[in-house]
Visitor: 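Dropping a structure here in structure tokens format, bear with me for questions.
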2 protein chains.
Amino acid sequence: MAKYEKIADGLRERIRSGEWLPGEKLPSETPELTAHYKASLPTIRQALAVLAAEGVVDKVHGRGNYVREPRKLVVRTNERHQWEKDRARQPEEERRKTGATEHDTGLTISDLVFDARFRDIEANKDLAGLFGVPVGTQLLERSYRTRYREEDTPFNVSRSYLVRDVAKANPDLLNPAMEPWPGGTQHQLFTIGIELSRIEERVTARPPTAEEAEDLSIRAGVSVLLLRKICYDTEGRVVEVSDVTMPGDRTEMVFTTSLNRW
Amino acid sequence: MAKYEKIADGLRERIRSGEWLPGEKLPSETPELTAHYKASLPTIRQALAVLAAEGVVDKVHGRGNYVREPRKLVVRTNERHQWEKDRARQPEEERRKTGATEHDTGLTISDLVFDARFRDIEANKDLAGLFGVPVGTQLLERSYRTRYREEDTPFNVSRSYLVRDVAKANPDLLNPAMEPWPGGTQHQLFTIGIELSRIEERVTARPPTAEEAEDLSIRAGVSVLLLRKICYDTEGRVVEVSDVTMPGDRTEMVFTTSLNRW
DNA sequence: GAGTGGTCTAGACCACTGT
DNA sequence: CAGTGGTCTAGACCACTCC
């Protein structure tokens, strides 16, 4: 076993044993760790890189290496879809009480903070194919960032796409100032006469791009979960596509499948 | 921008332009790349580490650095569950034709290779809580590795847990030589009088442990997708728990949720 | 400015692969 | 054995954070 692996194992074990608690600073690379492990700086740094990739340690330039704080786990279910659909036709007073994300996380609306930005884009090949429209068709792109009020980093960055000509039947849908919308997207679609019958969600994971690592406050080496949600109406047409980016180290997605009885 | 980043960008661009095709060998670290980029070996290696983490380059000790061959994407749906349930009561001849993984991937049974290992374990707190049995209860742990016949790395490593006293009602279930079992787990459960009514799947992602990176042939830096599948029978009891580990860079999971009509 | 991490060098030696 | 990547060293200098 290589020296840097032994050092990484040693540090990992010392952290697990509680020698340094979450949020605490590790000894400095130079001179403390190099002296303690009788290794050169590059070797110490290679060991720390292993721990950073595992998400055990946070490296902060100019300050030090810190034991990573566990972050609040975020759960996302697929039962939220039926739940949201059931609420879409209820009066505003009821819809205003809570949203699907609050339903999943067990929080109240005031615990969460939203940020919404809208813009018009032209459908690329990917989106045009999904919506069944020509490339270049005007789409409404809505970007959201959701975070806990008490944290400063979003746990969810998403982009939602609608065909602009469909959405404009209700001008309020084009206005970001109307967000957060009580009742969520399914109520929005209800106001323009659309009922969803099926939602398809595709999940993949990969290392974050530099931009994503920045947005979600994750280190390179902690993965991002990508969710593409495709909403079908009762005619089987695609009416909404969303791409959601979530930090892999604090997100759990739950999908429940009911089976027909024999 | 750091020198190693510039070198990584340069190499990435040369690979994208087709200067070296998938499977081809890059110039040697020493002396070729160090000379070409006028950089020291550690700097060249840092640049290559970036490309390896992105999955662009495969590093092979003693041979060289190679442009990574794209691997076959593996798709896993949740429709497989109902599909498998529908087949569970069909005659063996029918069940033998194809399995759920083949259903998802569009392959035939002969394209896939299985490896199964069984052992008895005692329920830890986690599993005991799920099954609703005392800690220490005997469980049957079945470990599977699934791969394409033409590749040498599994795309799926899974462990399935059953309560041993429940499984032993059919002694064949305790025998790894009976695998692969035509009709899959749902038929196995059928032979001991169990019908599933609901399947819950929890998805998370994280960096691979050293062992997982080894098993799935992914480099540290490419994430693993973890799926915990919990099967409930018609009485709402947990009858099977599976933990599936998949390489994040080649797996896509698709979950479809049907909504009740208004 | 002191402390600390980030980058880089030049070179040595080990470990693995294929001839 | 030659070729190639893997590990490690000692030390220099730069960049960021905080006082």
Side-chain angles (χ1 to χ4, degrees), chain A residues 1-11 15 20 23-69 152 210 213-214 217-222, chain B residues 1-11 15 20 23-69 152-153 210 213-214 217-221:
Chain A
M1 180 186 288
K3 189 168 182 180
Y4 75 92
E5 288 177 303
K6 279 188 212 149
I7 297 173
D9 286 353
L11 287 170
I15 289 169
W20 306 288
E24 285 183 0
K25 192 170 151 311
L26 267 51
S28 64
E29 300 180 359
T30 51
E32 294 177 309
L33 290 176
T34 49
H36 183 274
Y37 286 104
K38 301 191 199 321
S40 69
L41 172 60
T43 305
I44 292 293
R45 287 181 52 74
Q46 200 174 354
L48 287 168
V50 171
L51 300 181
E54 291 171 2
V56 173
V57 160
D58 266 338
K59 305 192 109 277
V60 187
H61 191 178
R63 282 208 289 150
N65 296 295
Y66 293 82
V67 179
R68 189 175 180 78
E69 306 249 19
D152 51 7
E214 169 84 32
S217 278
I218 54 182
R219 317 241 111 241
V222 172
Chain B
M1 181 185 289
K3 190 168 181 177
Y4 76 91
E5 288 177 302
K6 278 189 213 151
I7 297 173
D9 287 352
L11 286 170
I15 289 169
W20 305 289
E24 285 184 1
K25 190 168 153 309
L26 267 49
S28 64
E29 299 180 359
T30 52
E32 295 176 310
L33 289 176
T34 50
H36 184 273
Y37 286 104
K38 301 188 199 325
S40 70
L41 172 60
T43 304
I44 292 293
R45 287 181 52 75
Q46 199 173 355
L48 287 168
V50 170
L51 299 180
E54 291 171 2
V56 174
V57 161
D58 265 336
K59 305 194 107 272
V60 187
H61 191 177
R63 283 209 291 149
N65 296 295
Y66 293 82
V67 178
R68 188 168 177 78
E69 307 249 16
D152 49 6
T153 309
E214 169 84 34
S217 280
I218 54 183
R219 291 150 316 293

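Lettering follows sequence order; numbering is per chain, from 1.
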Visitor: Do side-chain atoms of A:E24 reach the backbone of A:W20 as a donor and acceptor pair under 3.5 angstrom?
Guide: no
Visitor: Side chain of A:H61, heavy atoms from C-beta onward: which of C:dT9, C:dG5, C:dC8 has the nearest atom to it?
Guide: C:dG5
Visitor: In whole Å, I'd like the distance from the CD atom of A:E29 to the P atom of D:dA15.
Guide: 17 Å
Visitor: May I have the distance from A:K38 (atom NZ) to D:dA10 (atom C1'), rounded to whole angstrom?
Guide: 17 Å
Visitor: Hey, does the side chain of A:Y4 come within less than 4.0 Å of D:dC8's phosphate (OP1/OP2), counting only N and O?
Guide: no
Visitor: So which of A:I44, A:L51, A:V50 actually passes side chain to side chain contact (heavy atoms under 4.5 Å, CB included) with A:L11?
Guide: A:L51
Visitor: B:I44 CD1 to D:dT7 P: how many Å, rounded?
Guide: 17 Å
Visitor: Using a cut-off of less than 4.0 Å, is there contact between a side-chain N or O of B:R63 and OP1 or OP2 of D:dG3?
Guide: no
Visitor: Can you check whether B:N65 has a side-chain N or O nearer than 4.0 Å to OP1 or OP2 of D:dG5?
Guide: yes
Visitor: Take the protein atom CD of B:Q46 and the nucleotide atom C1' of D:dG6, then report the distance between them rounded to whole Å.
Guide: 15 Å
Visitor: For the CD atom of B:E29 and the OG atom of B:S40, what is their distance to the nearest 0.5 Å?
Guide: 11.5 Å
Visitor: What nucleotide among C:dA12, D:dG5, C:dC8 has an atom nearest to a side-chain atom of B:K59?
Guide: D:dG5
Visitor: Can you measure from CD1 (A:I7) to CG (A:L33) and round to the nearest 0.5 angstrom?
Guide: 8.5 Å
Visitor: Output yes when at least one side-chain N/O atom of A:T43 is less than 4.0 Å from OP1 or OP2 of D:dT9, else no.
Guide: yes
Visitor: Separation of B:K6 atom NZ from C:dT7 atom C1', in whole Å?
Guide: 12 Å
Visitor: Atom CD in A:E5, atom CD in A:Q46: separation rounded to 0.5 Å?
Guide: 8.5 Å
Visitor: Just the rounded figure in Å: distance from P of C:dT17 to NZ of B:K25.
Guide: 15 Å
Visitor: Among C:dA12, C:dG5, D:dT9, which nucleotide has an atom closest to any side-chain atom of A:P42?
Guide: D:dT9
Visitor: Starting from C1' on D:dT7, measure out to OH on A:Y37 and report it in whole angstrom.
Guide: 18 Å
Visitor: How many Å lie between CG on A:L41 and P on C:dT9, as a whole number?
Guide: 15 Å
Visitor: Is A:K3 close enough to D:dG6 that one of its side-chain N or O atoms is under 4.0 Å from OP1 or OP2 there?
Guide: no
Visitor: If you find the nucleotide of DNA chain D closest to A:A39 and the one closest to A:G62, which residue's nucleotide is nearer the 5' end?
Guide: A:A39
Visitor: Would you indicate which nucleotide in C:dG6, C:dA10, D:dT7 comes nearest to any side-chain atom of B:S40?
Guide: C:dA10
Visitor: Can you check whether A:R45 has a side-chain N or O nearer than 4.0 Å to OP1 or OP2 of C:dG5?
Guide: no
